[in-house]
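A, B, ... follow the sequence lines: proteins, then strands. Residue 1 opens every chain.
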Amino acid sequence: MRVMQKSRAKAGGDDAPPAIALPPPAVALYSASVDFGAVKALNQIDLRIEDGEFITILGPSGCGKSTLLRLISDLVPPSAGAMSIFGDSTEAARLARQFAFVFQSAALLPWRTAVQNVRLPLEMGKKMAKKQGRALPVSAQSPEELLEFVGLKGRENAWPHELSGGMQQRVAIARALICKPKLLLMDEPFGALDEMTRDHLNLQLLDIWKKTGVTIVFVTHSIPEAVLLAQKVVMMKSQPGAIKKIIPIDLPAKRKLEMRDTAKFNKYAAQLRKLLGAH
Amino acid sequence: MAHIAKTHRSTFMQIAIPLAVAAALIALWEGGVRFFQVPEYIAPAPSVVLQVFISDFDNLMRNFVPTLIESLLGFTVGTLSAVLIAVAFVHSRFMMEGFFPIAVFVNTIPILAIAPVLVLLFGPGLTAKVVIAALICFFPTLVNMVRGLQSPTPQMMELARILSASHSEIFWKIRFPSSIPFLFSALKIAATTCVIGAIVGEWVGANIGLGALILEATFNFRSPLLYATIFLSSGLSVALFTAVTLAEKWLVKWQN
Ligand SMILES: Nc1ncnc2c1ncn2[C@@H]1O[C@H](COP(=O)(O)OP(=O)(O)OP(=O)(O)O)[C@@H](O)[C@H]1O
Ligand SMILES: [Mg+2]
């Protein structure tokens with residue numbers, strides 16, 4: 001499989017004429033499939049995500065959204081097809097810390113304070129980095145500065161259980177940013193939060209996206225959230241998991257919460273609702 | 001401020017209420033023994049027991065120290081080996097599947113049945129008592145520690161994989177820390193049971209130690225001494241339990 005990935009990644013490079021050195025896409029899937037035994041979780045996915053894009057993924061429960069993120073992040077292998085992350089294999093991208101993952105449950109380590117949790121990625125994979133003879137990428141911002149960046153100044157030494165769900169998720173985001181990822185994979189990161197907190201964190205995430213230039217792939221169940229954040233919404237369908245449609249969202253670059261009351265926004269929302277309803 | 005005062009008061013009450021209840025029970029016992037004129041060899045009054053504590057202090061201490069040493073050694077050996085075997089179990093399915101049933105089987109043998117065998121094997125000295133005390137600590141620690149080492153959530157393990165963590169990094173940064181609260185629940189059980197193990201060992205074959213003193217006092221109808229010995233041994237359990245609890249408070253700061 002790995003060999004195939006590599007050869008396809010190279011072949012992908014041949015597609016672009018050598019005269020114009022286009023940057024490789026952040027994510028490229030070529031008819032990638034994932035099977036869990038008899039279950040076809042993902043069936044022949046073709047997807048290209050450009051460097052710096054903000055993509056949201058919508059779809060019915062069980063259609064393979066999490067599996068797609070886990071495929072990209074080298075947690076599950078493809079059972080067929082090929083893929084590349086910034087022109088490399090997923091494994092190489094993982095070893096180089098090209099991407100970071102944010103889970104729905106913040107997945108903080110309860111025995112570490114907020115700032116110690118943010119520091120975790122710098123303490124793990126050291127052996128691997130040494131073996132490869134390279135240093136782990138590190139954000140120019142210190143863990144403390146990253147916590148301030150996500151609005152948690154003064155709570156650096158709090159234990160996770162002392163933080164609200166939204167605060168825990170912000171720590172998880174700061175932790176994801178510590179290795180300066182080029183790709184941020186987020187699986188329903190705000191799914192368990194109340195609407196006000198979610199709105200606030202959405203704006204903060206847009207701010208992070210703008211300031212860092214990171215590519216974001218964001219899975220959600222909320223149609224308004226998907227439209228508000230995305231440049232493109234990827235609508236999936238289930239059984240087998242596949243991409244139904246990709247809808248570019250043509251809203252002003254600077255997103256505001258009030259946009260949700262505009263006719264254009266609601267047209268997108270209605271379109272997506274219809275797609276989601278009609279299986 | 002009011003909140004702080006309240007928590008202070010509740011910790012005060014937490015200590016005061018059981019102490020008051022204990023004092024009341026002792027007073028009731030003293031009163032009952034005097035009122036019904038119960039013979040001393042059947043149930044000595046607390047005041048008599050206290051007198052024995054003073055008069056027989058040297059004798060009690062001479063027997064206390066061996067039991068203390070056996071308990072501490074048994075606790076250390078039993079819990080340490082359980083932790084090491086738990087680590088082996090979570091790293092190797094073969095070890096787990098091969099040896100866990102054996103551990104369960106050994107645990108089902110009553111300690112009173114196995115104690116004479118161990119005394120025969122290891123002789124009447126210190127070793128047999130330490131082994132019995134260790135054995136009694138072993139199983140609860142093993143079970144808890146295996147559970148603790150397996151307690152990290154799937155997300156934590158996926159995070160470790162995304163960070164390309166090595167086996168030792170996963171063990172030291174994730175598995176071991178997440179097992180600590182489980183380990184302490186086991187250590188609390190072991191802190192009290194190790195004393196029982198040492199005393200059982202002394203019953204089977206010893207002429208010194210709190211277990212031996214209990215038998216001696218019983219056969220000589222020295223009930224006040226028997227009661228004093230019982231209090232001393234439960235005092236030892238309580239002290240060890242408290243030590244483990246304090247260590248937990250000091251080390252496990254992340255839980256409320
Ligand atoms: N580890 C696994 N083993 C077996 N089947 C799995 C595994 N992970 C996912 N699946 C199956 O793959 C399909 C897609 O699951 P996935 O978790 O990707 O869905 P999802 O779109 O993220 O759903 P949700 O919106 O509920 O989170 C489901 O049918 C699921 O049962
Ligand atoms: Mg999911």
Side-chain angles (χ1 to χ4, degrees), chain A residues 66 69-70 72-76 90-114 116-117 119-132 134 136-137 157-163 172 175-176 178-179 181 183-185 187 189, chain B residues 1 3-4 6-7 10 83 86-87 90-91 141 144-188 244-256:
Chain A
S66 300
L69 289 195
R70 299 173 77 236
I72 295 172
S73 54
D74 199 31
L75 288 173
V76 292
T90 48
E91 189 190 15
R94 166 168 64 78
L95 292 174
R97 291 276 165 90
Q98 301 257 23
F99 55 80
F101 207 108
V102 178
F103 302 91
Q104 174 169 3
S105 69
L108 301 180
L109 304 183
W111 54 88
R112 285 174 164 250
T113 61
Q116 287 169 344
N117 264 289
R119 226 175 263 140
L120 180 78
L122 305 178
E123 296 170 20
M124 284 207 153
K126 280 205 291 213
K127 233 183 187 166
M128 167 277 298
K130 206 167 166 189
K131 211 159 72 190
Q132 297 198 316
R134 61 172 157 204
L136 296 171
N157 296 320
W159 298 108
H161 80 262
E162 297 171 328
L163 300 172
R175 177 177 67 190
I178 190 76
C179 281
L183 173 62
L184 200 50
L185 303 164
D187 194 356
Chain B
M1 208 56 228
H3 174 72
I4 290 169
K6 205 169 165 188
T7 55
S10 70
V83 168
V87 171
V90 286
H91 278 99
T141 313
N144 265 289
M145 197 62 193
V146 167
R147 269 190 58 196
L149 290 171
Q150 289 176 336
S151 69
T153 62
Q155 274 71 43
M156 289 182 193
M157 299 312 287
E158 289 192 335
L159 177 69
R161 165 136 173 90
I162 286 170
L163 297 174
S164 315
S166 66
H167 281 295
S168 69
E169 284 168 339
I170 290 176
F171 180 79
W172 290 112
K173 304 252 173 222
I174 296 184
R175 284 198 189 279
F176 188 68
S178 65
S179 76
I180 297 286
F182 292 81
L183 176 61
F184 270 106
S185 338
L187 292 186
K188 281 186 206 167
V244 173
T245 308
L246 289 177
E248 183 184 25
K249 271 220 169 105
W250 185 62
L251 282 170
V252 187
K253 294 209 173 82
W254 64 84
Q255 283 183 327
N256 48 349

Interatomic spacing from [atom1] in [X] to [atom2] in [Y] - rounded to 0.5 Å:
X: B/Ser179; Y: B/Phe171; atom1: OG; atom2: CZ; value: 7.0 Å
X: B/Leu187; Y: B/Thr141; atom1: CG; atom2: OG1; value: 6.0 Å
X: A/Arg94; Y: A/Arg97; atom1: CZ; atom2: CZ; value: 10.0 Å

B/Ile180, part contacting chain A, at a heavy-atom distance under 4.5 Å
neither
Please look at [X] and chain B and tell me whether the side chain, the backbone, both or neither of the residue comes under 4.5 angstrom of a heavy atom of that chain.
X: A/Glu123; result: both
X: A/Leu108; result: backbone
X: A/Lys131; result: neither

Go through the steps for B/Phe184 and B/Val252 under the test side chain to side chain contact (heavy atoms under 4.5 Å, CB included), then give the verdict.
CA-CA 9 Å; B/Phe184 270 106; B/Val252 187; 3.9 Å; yes
Name the member of [options] that forms the most heavy-atom pairs with chain A at distances under 4.5 Å.
options: B/Met156, B/Glu169, B/Gln155; result: B/Glu169
options: B/Pro154, B/Pro152, B/Ser166, B/Ala160; result: B/Ser166
options: B/Pro177, B/Ala165, B/Pro181; result: B/Pro177

Test item: A/Lys127 and B/His167 side chains (from C-beta on) under 4.5 Å apart, heavy atoms:
no
Using a 4.5 angstrom heavy-atom cutoff, name the option from A/Pro121, A/Cys179, A/Ala129, A/Pro160 with the most pairs to chain B.
A/Pro121
Chain B interface, residue from A/Leu120, A/Leu109, A/Leu136, A/Leu75 that has the most non-hydrogen pairs under 4.5 Å
A/Leu75
For B/His91, does the NE2 atom sit with more than 12 other heavy atoms under 6.0 Å from it, leaving out its own atoms?
yes
Quick one: are the ring centres of A/Phe101 and A/Phe99 less than 6.0 Å apart?
no
